[in-house]
2 protein chains.
Amino acid sequence: MTNDPIRVLSTPAIAAPEGHEGSEACSVDNPASRVIRETLARVGDKWSMLVIGVLHDGPLRFTELQRKVDGISHRMLTQTVRSLERDGLVTRTSYPEIPPRVEYAATALGRSLSVPVIELARWAAAHHDDILDAREAFDDQREASAVR
Amino acid sequence: MTNDPIRVLSTPAIAAPEGHEGSEACSVDNPASRVIRETLARVGDKWSMLVIGVLHDGPLRFTELQRKVDGISHRMLTQTVRSLERDGLVTRTSYPEIPPRVEYAATALGRSLSVPVIELARWAAAHHDDILDAREAFDDQREASAVR
DNA sequence: CTGTATCCATCAAGATACTG
DNA sequence: CAGTATCTTGATGGATACAG
């Protein structure tokens, strides 16, 4: 009844863009929400999208990557870059030289993922203050009611 | 040089949509990436967006919510809904009846957040298989190289 | 330079029981 | 019905040392 571009979040609509049977009653959850959760989990970890974003400007070697992403630890960079490679979001090219050189580059899939993530980043930039304000107001109110 | 809609991810462009001084050399990291990470963290937890999505159809009480979101535990629903309320993404209305009745509803801010998240969900639906395939290929290859 | 392994702190999240 | 508290587990992430 409402003009909802969002209802899709709780329907299999986005989970079944191709021909998909509506056999399983399609309640609210399992069909689409699992895919959403998985993707949010992939994208929502601490470093993945930042690495992808940094790699969009072009290939980088390990150390350059670590320098560009700033706070990331050696271990986390290895781990992040490995999982991105595994999921086909970046490629890893090793040059058997001495000293060893390895270059990482974003794939087309990786770049396509950046698009919606940027939308989200834009939302974040636009509404970050709203959230902070709401949070402050909420906490102030709790604090006040804690007194009485 | 590239046609990059993504470069923004590693620049303060999206972090400073209003009038913002370019005073701080704006390296790659701190200014924008923190906001991105925070938002991805907020959105990327296991349940938040599913709750927001379910609430778009209209207000729901606690138990209805728990039933609609499926796998969520009592504790996690309370916690999720509380943090969403704190950030101004949902409202909580308590009716002092017996037995008690509480209704949760998405705010305008909450609904606006759903928009980019849906974009992401669409991406997930479109490319989920690509990721799975890439993952399988990667694992097969590792398995093969483990043998030799 | 690149990558792996180990140890450790922290937190998210589930199960469960209990209160208003 | 709604919410809180406790306990416990597993995953995440950081620091560090070591290996190719």
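It should be emphasised that the depicted structure is a prediction, and the values quoted were computed from it without experimental measurement. All values below come from the heavy atoms of this structure, side chains included, with hydrogens, waters and symmetry mates left out. In what follows, chains are A, B, ... by sequence order, proteins preceding strands, each numbered from 1.
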### Task
For D:dA2, take OP1 and OP2 only and decide whether either is under 4.0 Å from a side-chain N or O of B:Arg61.
yes

### Task
Go through A:Thr91 and A:Glu103 one step at a time and tell me if the side-chain contact (heavy atoms from CB on, under 4.5 Å) criterion holds.
CA-CA 8 Å; A:Thr91 58; A:Glu103 280 194 346; over 6 Å; no

Interatomic distance where [atom1] belongs to [X] and [atom2] belongs to [N] [whole Å]:
| X | N | atom1 | atom2 | value |
| --- | --- | --- | --- | --- |
| A:Asp45 | D:dG14 | CG | C1' | 15 Å |
| A:Ile98 | D:dG20 | CD1 | C1' | 10 Å |
| B:Leu60 | D:dC1 | CG | P | 14 Å |
| A:Gln79 | D:dA15 | CD | C1' | 14 Å |
| A:Arg42 | D:dA11 | CZ | C1' | 14 Å |

### Query
Relative to the 5' end of DNA chain C, which residue comes earlier, A:Glu64 or B:Trp47, by the nucleotide with the nearest heavy atom?
A:Glu64

### Task
For side-chain contact (heavy atoms from CB on, under 4.5 Å), just list the numbers for B:Leu84 and B:Ser48, CA-CA rounded to whole Å, side-chain angles, deciding distance to a tenth of an Å, and then say yes or no.
CA-CA 7 Å; B:Leu84 290 174; B:Ser48 290; 4.0 Å; yes

### Task
Could you check A:Asp139 against A:Arg135 for side-chain contact (heavy atoms from CB on, under 4.5 Å), going step by step and ending with a plain yes or no?
CA-CA 6 Å; A:Asp139 292 348; A:Arg135 202 176 289 180; 4.2 Å; yes

### Message
Can a side-chain donor-acceptor contact be found between A:Trp123 and B:Ser112 if the only test is distance below 3.5 angstrom?
### Response
yes

### Query
Using a distance-only test with no angle check, is there a side-chain donor-acceptor pair under 3.5 angstrom linking A:His128 and B:Glu38?
yes

Would you tabulate the nitrogen or oxygen pairs shorter than 3.5 Å linking the protein to nucleotides 3-6 of chain D?
from	atom 1	to	atom 2	distance (Å)
D:dG3	OP1	B:Arg92	NE	2.7
D:dG3	OP1	B:Arg92	NH2	2.4
D:dG3	OP1	B:Tyr104	OH	3.1
D:dG3	OP2	B:Tyr104	OH	2.8
D:dG3	N7	B:His74	NE2	2.6
D:dT4	OP2	B:Arg82	NH2	3.3
D:dT6	O4	B:Arg75	NE	3.2

### Task
Measure the spacing between OG1 of B:Thr63 and CZ of B:Arg101 and express it to the nearest 0.5 Å.
12.0 Å

### Task
Could you tell me whether B:Glu119 and B:Arg122 make a salt bridge, using a distance below 4.0 angstrom between a side-chain N and a carboxylate O?
yes

### Message
Between the side chains of A:Arg82 and A:Glu85, is the shortest nitrogen-to-carboxylate-oxygen separation below 4.0 Å, so that they form an ion pair?
### Response
yes

### Query
For A:Phe138, does its backbone N or O pair with a side-chain atom of A:Gln141 as donor and acceptor, under 3.5 Å?
no

### Check: A:Ser114 side chain, A:Gly53 main-chain N or O, donor-acceptor pair, under 3.5 Å
no

### Task
Please find the earliest and latest nucleotides of DNA chain C, in the 5' to 3' direction, that have an atom within less than 4.0 Å of any heavy atom of chain A.
C:dC1 to C:dT6

### Query
Roughly how bent is the helix from C:dC1-D:dG20 to C:dG20-D:dC1 end to end, in steps of 10 degrees, with each end axis from five pairs?
30°

### Task
Give the C-alpha distance, both sets of side-chain angles, the deciding distance and a yes or no for side-chain contact (heavy atoms from CB on, under 4.5 Å) between B:Val102 and B:Arg61.
CA-CA 5 Å; B:Val102 177; B:Arg61 346 186 8 178; 6.0 Å; no

## Note on the structure
Of A:Lys46 and A:Pro100, the one whose nearest nucleotide on DNA chain D sits closer to the 5' end is A:Lys46

